[in-house]
J.: 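First the structure, then my questions, so here it is.
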Amino acid sequence: MDASVQEIPERLLGWYDNHARSLPWRAPPGLPAPDPYRVWLSEVMLQQTTVAAVQAYFAKFTQRWPTVMDLAAADDADVMSAWAGLGYYARARNLLACARAIAARGGAFPDTEAELRALPGLGDYTAAAVAAIAFGRRAVVIDANVERVVARLFAIDTPLPAGRKAIRDAADHITPDDRSGDFAQAMMDLGSAICTSRSPHCLLCPLSAACRGKEAPERYPVKPAKKAKPQRGGTAFWIERDGEVWLMRRADKGMLGGMRALPDDGWNARADGNGEPPLAGEWQAAGQVEHTFTHFHLSLSLRLYSGSVHARTANDDGEWWPVTRLDEAGLPTLFAKAARLALALRRDD
DNA sequence: TAACCGTGGTG
DNA sequence: TCACCAAGGTT
């Protein structure tokens with residue numbers, strides 16, 4: 001093996017000792033691990049989500065639910081509302097399920113990767129990350145940063161996903177027995193600040209001497225082409241009475257599952273909505289909201305009910321919500337946009 | 001295996 | 001402006 005490859009862990013940890021980002025869920029390099037609850041919570045929030053987006057949510061959750069026992073005892077609706085805006089809402093449902101599983105075993109997280117992997121919402125990455133960061137276990141932690149850094153270090157040009165086997169073997173090879181949590185976080189910091197996806201800064205990289213891909217780093221890893229996102233259309237409905245608006249609770253499975261929402265006409269990723277309002281009467285057009293999800297674009301028409309509303313609007317799962325407290329309803333971003341539009345229109349009246 | 005599942009930043 | 005991207009997991 002190339003001598004420079006053997007030096008990777010030491011070089012990277014040396015860089016990390018001086019350049020580690022200071023984050024609320026992280027212990028400074030070399031210091032004792034933070035509370036496993038905070039490590040786990042941050043890792044789940046950080047799945048496919050930027051550090052900048054997570055910061056405020058992490059502060060809110062840890063202030064409101066300081067321990068995993070507190071979180072386990074929370075109401076589902078409160079947790080879903082607190083997660084609103086962060087996206088990938090299955091994470092919040094799994095977060096609660098996991099917290100309750102931990103509470104059922106006394107409040108202590110398991111300290112091995114295999115046991116962690118069996119918990120809801122913890123896949124290969126998160127189980128390895130928590131085992132390494134919170135419990136000091138040696139684990140091969142592979143996220144998109146590590147994937148990119150390792151593919152470049154070893155010039156692995158097998159297209160993903162097939163290339164993941166070689167990437168994992170290489171990552172395993174350079175993961176040290178000691179400080180594997182710091183090593184994982186160092187790889188992620190390096191990927192975030194130096195070995196970035198679009199414009200890597202090889203001149204600043206502590207691993208450039210060992211890097212076989214530095215001549216053309218943007219070549220790695222080789223990714224498959226993305227599918228085009230279809231354009232869909234749908235309608236959301238604003239029904240207001242006595243300063244309250246009718247909100248639904250979406251089904252647990254599928255898009256925006258478990259979240260509060262405006263009633264809609266059944267639009268989804270595969271089909272436009274049918275345009276049918278939830279109750280008969282007079283409706284007025286209130287404009288459009290454009291929103292892009294992971295796999296499709298949506299042009300949402302907002303319609304306002306202009307008739308009188310009886311006590312019961314629909315026989316579905318819903319509730320009247322005070323318009324002045326809409327920011328507390330925990331609407332996902334699409335419906336928060338629609339609500340903003342409706343409120344702007346009201347003010348103009 | 002591949003489709004599904006949010007959102008905000010960015011080059 | 002817009003396609004790409006991010007500390008992925010589930011089915």
Side-chain angles (χ1 to χ4, degrees), chain A residues 20-21 23-26 38-58 80 83-95 97-98 116-134 139-149 160-162 164 171 181 183-193 195-201 218 221 223-231 250-259 261 268-270 289-298 330-337:
Chain A
R21 283 177 290 179
L23 298 169
W25 49 83
R26 176 184 278 188
R38 294 169 67 87
V39 175
W40 161 73
L41 179 62
S42 68
E43 289 300 342
V44 172
M45 287 184 167
L46 286 162
Q47 290 167 2
Q48 294 286 285
T49 308
T50 59
V51 166
V54 164
Q55 298 263 21
Y57 286 85
F58 182 81
M80 299 310 290
W83 196 276
L86 199 54
Y88 283 149
Y89 298 101
R91 291 186 294 173
R93 302 194 297 272
N94 286 329
L95 191 81
C98 183
L116 289 162
R117 180 66 179 79
L119 293 166
L122 282 83
D124 290 342
Y125 163 76
T126 306
V130 174
I133 297 169
V140 182
V141 181
I142 301 179
D143 75 324
N145 288 301
V146 176
E147 205 166 76
R148 183 173 61 255
V149 171
L160 302 183
R164 295 212 162 94
F183 180 80
Q185 293 177 94
M187 289 287 276
M188 295 189 276
D189 277 16
L190 189 77
S192 170
C195 195
T196 62
S197 179
R198 303 279 189 99
S199 54
H201 309 292
E218 55 288 329
K223 295 189 176 183
K226 303 268 182 184
K227 281 189 175 178
K229 295 179 182 183
Q231 175 71 50
R250 293 176 66 90
D252 272 342
K253 296 197 173 184
M255 288 219 41
L256 311 177
M259 301 301 288
N268 60 54
R270 286 165 294 282
V289 170
E290 305 300 328
H291 193 76
T292 298
F293 293 101
T294 307
H295 50 304
F296 68 104
H297 303 286
L298 178 68
L331 293 177
T333 299
L334 167 69
F335 293 112
K337 286 183 189 173

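What you see below is based on every heavy atom in this structure, not just the backbone, and it leaves out hydrogens, waters and symmetry mates. Just so we're on the same page: letters track the sequence lines, and every chain starts at 1.
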J.: Looking at A/Arg198 and C/dC4, is any side-chain donor or acceptor paired with a base atom of the opposite kind under 3.5 Å?
T.: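 Indeed, a donor on one side and an acceptor on the other fall under 3.5 Å apart.
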J.: Round to the nearest Å and state the distance from A/Gln48 atom CD to C/dT10 atom P.
T.: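 Rounded to whole Å, this separation is 13 Å.
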J.: Examine the base of B/dG6 for any acceptor or donor lying under 3.5 Å from a partner atom in the side chain of A/Thr333, and report the outcome as yes or no.
T.: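 No pair found.
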J.: Which whole-number value in Å describes the distance from A/Glu43 CD to C/dG9 C1'?
T.: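 Rounded to the whole Å, the gap is 14 Å.
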J.: Do you know which of A/Tyr57, A/Trp40, A/Phe58 makes ring-ring contact (aromatic ring centres under 6.0 Å, His included) with A/Trp25?
T.: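 Of A/Tyr57, A/Trp40, A/Phe58, ring-ring contact (aromatic ring centres under 6.0 Å, His included) with A/Trp25 is met by A/Phe58 alone.
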J.: For A/Arg26, report the nucleic acid contact type (base, sugar-phosphate, nothing); a contact means any heavy atom under 4.0 Å.
T.: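 Base contact - A/Arg26 has a heavy atom under 4.0 Å of at least one base atom.
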J.: Please work out if A/Trp25 contacts a base, only the sugar-phosphate, or nothing of the nucleic acid, heavy-atom cut-off 4.0 Å.
T.: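 Base contact.
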J.: A/Lys253 or A/Lys223: which one's nearest nucleotide on DNA chain C is closer to the 5' end?
T.: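 First, find each residue's nearest nucleotide; the 5'-ward one identifies A/Lys223.
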J.: Just by modelled atom types, is the A/Ala193 backbone N or O under 3.5 Å from a matching donor or acceptor in the A/Thr196 side chain?
T.: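 Checked: no pair found.
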J.: Give A/Met188 one of three labels, base, sugar-phosphate or nothing, depending on what nucleic acid heavy atoms sit under 4.0 Å from its own.
T.: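 Base contact - A/Met188 has a heavy atom under 4.0 Å of at least one base atom.
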J.: For the residue pair A/Arg91 and A/Gln47, confirm or rule out a side-chain donor-acceptor distance under 3.5 Å.
T.: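 On atom types as modelled, these side chains do not qualify, holding no pair under 3.5 Å.
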J.: Do A/Arg164 and A/Glu147 come within less than 4.5 Å of each other through their side chains, counting heavy atoms only?
T.: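 With C-beta onward as the side chain, the pair touches.
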J.: Which part of the nucleic acid, if any, lies within contact of A/Gly257, taking any heavy atom under 4.0 Å across all strands shown: a base, the sugar-phosphate backbone alone, or nothing?
T.: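 The answer is nothing, as A/Gly257 stays clear of every strand by at least 4.0 Å.
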J.: Does any non-hydrogen side-chain atom of A/Asp252 lie less than 4.5 Å from one of A/Arg93?
T.: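 Sidechains of A/Asp252 and A/Arg93: in contact.
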J.: Once you apply a heavy-atom cut-off of 4.0 Å, does A/Leu256 come out as touching a base, just sugar-phosphate, or nothing?
T.: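 Since only primed, P, OP1 and OP2 atoms lie under 4.0 Å of A/Leu256, the category is sugar-phosphate.
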J.: Within the 4.0 Å heavy-atom criterion, would you say A/Leu23 contacts the bases, only the backbone, or no part of the nucleic acid?
T.: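 The answer is base, as A/Leu23 lies within the cut-off (heavy atoms under 4.0 Å) of a base atom.
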J.: Identify whether any heavy atom of A/Lys337 sits under 4.0 Å from a base atom; if not, whether one sits that close to sugar-phosphate; answer base, sugar-phosphate or nothing.
T.: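 No contact at all - A/Lys337 keeps every heavy atom at 4.0 Å or more from the nucleic acid.
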J.: Determine the contact category for A/Lys229: base if any of its heavy atoms lies under 4.0 Å from a base atom, sugar-phosphate if only primed atoms, P, OP1 or OP2 are that close, otherwise nothing.
T.: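 The answer is nothing, as A/Lys229 stays clear of every strand by at least 4.0 Å.
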J.: Measure from CZ on A/Arg93 to P on B/dC5 and round the result to the nearest Å.
T.: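 To the nearest whole Å, that distance equals 10 Å.
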J.: Looking at every strand, decide which applies to A/Ala129 at a 4.0 Å heavy-atom threshold: base, sugar-phosphate, or nothing.
T.: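 It contacts nothing in the nucleic acid.
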J.: Classify the side chain of A/Arg148 and the base of C/dA7 as holding, or not holding, a donor-acceptor pair under 3.5 Å.
T.: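 Absent.
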J.: Considering every strand and a 4.0 Å limit on heavy-atom distances, what is the contact class for A/Thr292: base, sugar-phosphate, or nothing?
T.: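 Base: the residue A/Thr292, judged by heavy atoms under 4.0 Å, touches a nucleobase.
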J.: On a plain distance test, is the side chain of A/Thr49 in donor-acceptor contact with the base of B/dG6 below 3.5 Å?
T.: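 Indeed there is one.
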J.: Can you tell me if A/His291 touches the phosphate of B/dT7, counting only side-chain N or O atoms and a distance under 4.0 Å to OP1 or OP2?
T.: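 Looking at the OP1 and OP2 atoms of B/dT7, one of them is under 4.0 Å from a side-chain N or O of A/His291.
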J.: Between A/Asn94 and A/Lys226, which is nearer to the 5' end of DNA chain C once each is assigned its nearest nucleotide?
T.: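 The 5'-side residue here is A/Lys226.
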J.: What is the distance, rounded to the nearest whole Å, between atom CG of A/Asn268 and atom P of B/dC4?
T.: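 Taking atom P of B/dC4 as the reference, CG of A/Asn268 is at 10 Å.
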J.: What is the distance from CZ of A/Phe293 to P of C/dA3, rounded to the nearest Å?
T.: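 Atom CZ in A/Phe293 sits about 17 Å away from atom P in C/dA3.
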J.: On the nucleotide B/dC5, are OP1 or OP2 found under 4.0 Å from the side-chain N or O atoms that A/His295 carries?
T.: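 The answer is yes; a side-chain N or O of A/His295 sits under 4.0 Å from OP1 or OP2.
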J.: Please state how far atom CD in A/Glu290 lies from atom P in B/dG8, giving the value in whole angstrom units.
T.: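 Going from A/Glu290 (CD) to B/dG8 (P), I get 15 Å.
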J.: What is the distance, to the nearest angstrom, from the CG atom on A/Leu46 to the P atom on C/dC5?
T.: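 These atoms are roughly 19 Å apart.
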J.: For C/dT10, does either OP1 or OP2 sit under 4.0 Å from a side-chain N or O belonging to A/Tyr88?
T.: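 Looking at the OP1 and OP2 atoms of C/dT10, neither is under 4.0 Å from any side-chain N or O of A/Tyr88.
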J.: How many whole angstroms separate atom OH of A/Tyr125 from atom C1' of C/dT10?
T.: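 It is 18 Å, rounded to the nearest whole Å.
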